[in-house]
Amino acid sequence: MPPRRPVRTAATVALLLATVAACGDTGALRGAGATPTATSPARLWPNLSPASSPAYDFDEADTETVKGVTVPDDDIRKVDPIAVVRAEIAANPSDYDGSKAPYRGTAERIADCAGGTYAGQCPVLKPYYRDLTGDGHDDLTLGFRLLPTKMTAVRVYTVEKHRLVQVMANDDAVSGVELAGRSVIIRSPSELAGYEYRVQWTWDADQKAMLLTHDEFLRTDGRKHGVRRATPAPVTSATPLTSATPVPSATP
């Protein structure tokens, strides 16, 4: 019953204090300091008219079937990643072909990928396979350099109706990429020392695409960070990126 709960809590605390007193202060609990008072959000401009157009387009829910690339036995591991990059180059000549194309260096260096090597001058990075869509089959996370710039293209592909389908595309200066649950997390450097950008793309079963669910600007030393752009899209089965600091045990 409710009246007995504080008595049980007090007895438990007393027992822990007695144990700590007997064994010294090793493993003793320490206070984390004052807790700031929670405040509710203040709504501004309540009479503001609704927006007449969607927010800035981040290419959410954009998918594309890769032409000219087959999927033997519907097994994405049997797809040649270099052939996938070649297909993108062929489908976007204004980006890769010609002296004024921004990523012409990628098309020039793709010849160095002969033999399936992901090293040296080859712009294609090592492919990774993981089930990001939750259908029980591996999906392909692929990266390649956008030369002569210092940017990196990150793509995610899945298999739908025997076809290879691109469900995510992100081009940016990249310092790290992580996979967590159904999400792809991309970290990018900032011109402001001690900070970095972090964007998270998460699979959405309704849209059948990876959606941009988080876009943050944060400190790299673990201190409090600010959100660059909050996106209210739902995150499905996302794996936490950081774990909470464990509380030391009071048992000696």
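All values reported here derive from a predicted model rather than from experimental measurement.
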Is it the case that one hydrophobic cluster holds both Ile82 and Phe144, taking links as side-chain heavy atoms less than 4.5 Å apart, direct or via other members? yes

Cationic N near anionic O, under 4.0 Å, Asp138 to Arg77: yes

Can Leu146 be reached from Leu125 by stepping across I, L, V, M, F, W or Y side chains whose heavy atoms are under 4.5 Å apart? no

Say whether, by atom type as modelled, one donor and one acceptor occur between the side chain of Asp73 and the main chain of Asp75 under 3.5 angstrom. no

I want to check something: taking the side chain as every heavy atom from C-beta on, are Tyr157 and Val66 in contact at a cut-off of under 4.5 Å? yes

How far does OG1 of Thr133 sit from CD of Glu160, to the nearest 0.5 angstrom? 8.5 Å

Is there a donor-acceptor pair closer than 3.5 Å between any side-chain N or O of Ser188 and the backbone N or O of Ala173? yes

Keeping the roles fixed (side chain from Arg182, backbone from Asp131), state whether a donor-acceptor pair exists under 3.5 Å. yes

Kindly indicate, with the supporting measurements, whether the criterion side chain to side chain contact (heavy atoms under 4.5 Å, CB included) is fulfilled by Ile110 and Val85. CA-CA 8 Å; Ile110 198 70; Val85 178; 4.0 Å; yes

Supply the atom-to-atom distance Gln166 CD to Leu142 CG, rounded to the nearest 0.5 angstrom. 9.5 Å

Quick check for you: to the nearest 0.5 Å, what is the distance between Thr63 atom OG1 and Gln207 atom CD? 10.0 Å

Quick check: is Leu140 connected to Val124 through a chain of hydrophobic side chains (ILVMFWY, heavy atoms under 4.5 Å apart)? yes

Quick one: list whatever passes side chain to side chain contact (heavy atoms under 4.5 Å, CB included) with Ser190, sequence neighbours left out. Leu192, Tyr195, Tyr197, Phe217

How far apart are the C-alpha atoms of Arg187 and Glu178, what are their side-chain angles, what is the distance that settles it, and do they pass the salt bridge (Lys or Arg N to Asp or Glu O under 4.0 Å) test? CA-CA 8 Å; Arg187 300 178 183 274; Glu178 305 169 19; 2.7 Å; yes

SB check Arg155 Glu88 (cutoff 4.0 Å): yes

How long is the gap from CD1 on Ile76 to CG on Leu164, to the nearest 0.5 Å? 5.5 Å

Do the non-hydrogen side-chain atoms of Val165 and Val167 ever get within less than 4.5 Å of each other? yes

Group every Ile, Leu, Val, Met, Phe, Trp and Tyr by side-chain heavy-atom contacts under 4.5 Å, then state whether Tyr128 and Val159 land in the same group. no

Close side-chain approach of Asn170 and Asp172, heavy atoms under 4.5 Å: yes

If you round to the nearest 0.5 Å, how far is CD of Glu196 from CD of Glu216? 10.0 Å

Could you check if a side-chain atom of Tyr103 sits within less than 4.5 angstrom of a side-chain atom of Thr149, using non-hydrogen atoms only? yes

Show your working on side chain to side chain contact (heavy atoms under 4.5 Å, CB included) between Arg198 and Ile186 and close with a plain yes or no. CA-CA 6 Å; Arg198 182 180 67 179; Ile186 302 175; over 6 Å; no

Nearest 0.5 angstrom please: His214 NE2 to Ser183 OG, how far? 8.5 Å

Non-hydrogen side-chain atoms of Ile89 and Thr106 separated by less than 4.5 Å: yes

Quick check on the hydrophobic clustering: are Val177 and Leu132 connected, directly or via other members, by side-chain heavy-atom contacts under 4.5 Å? yes

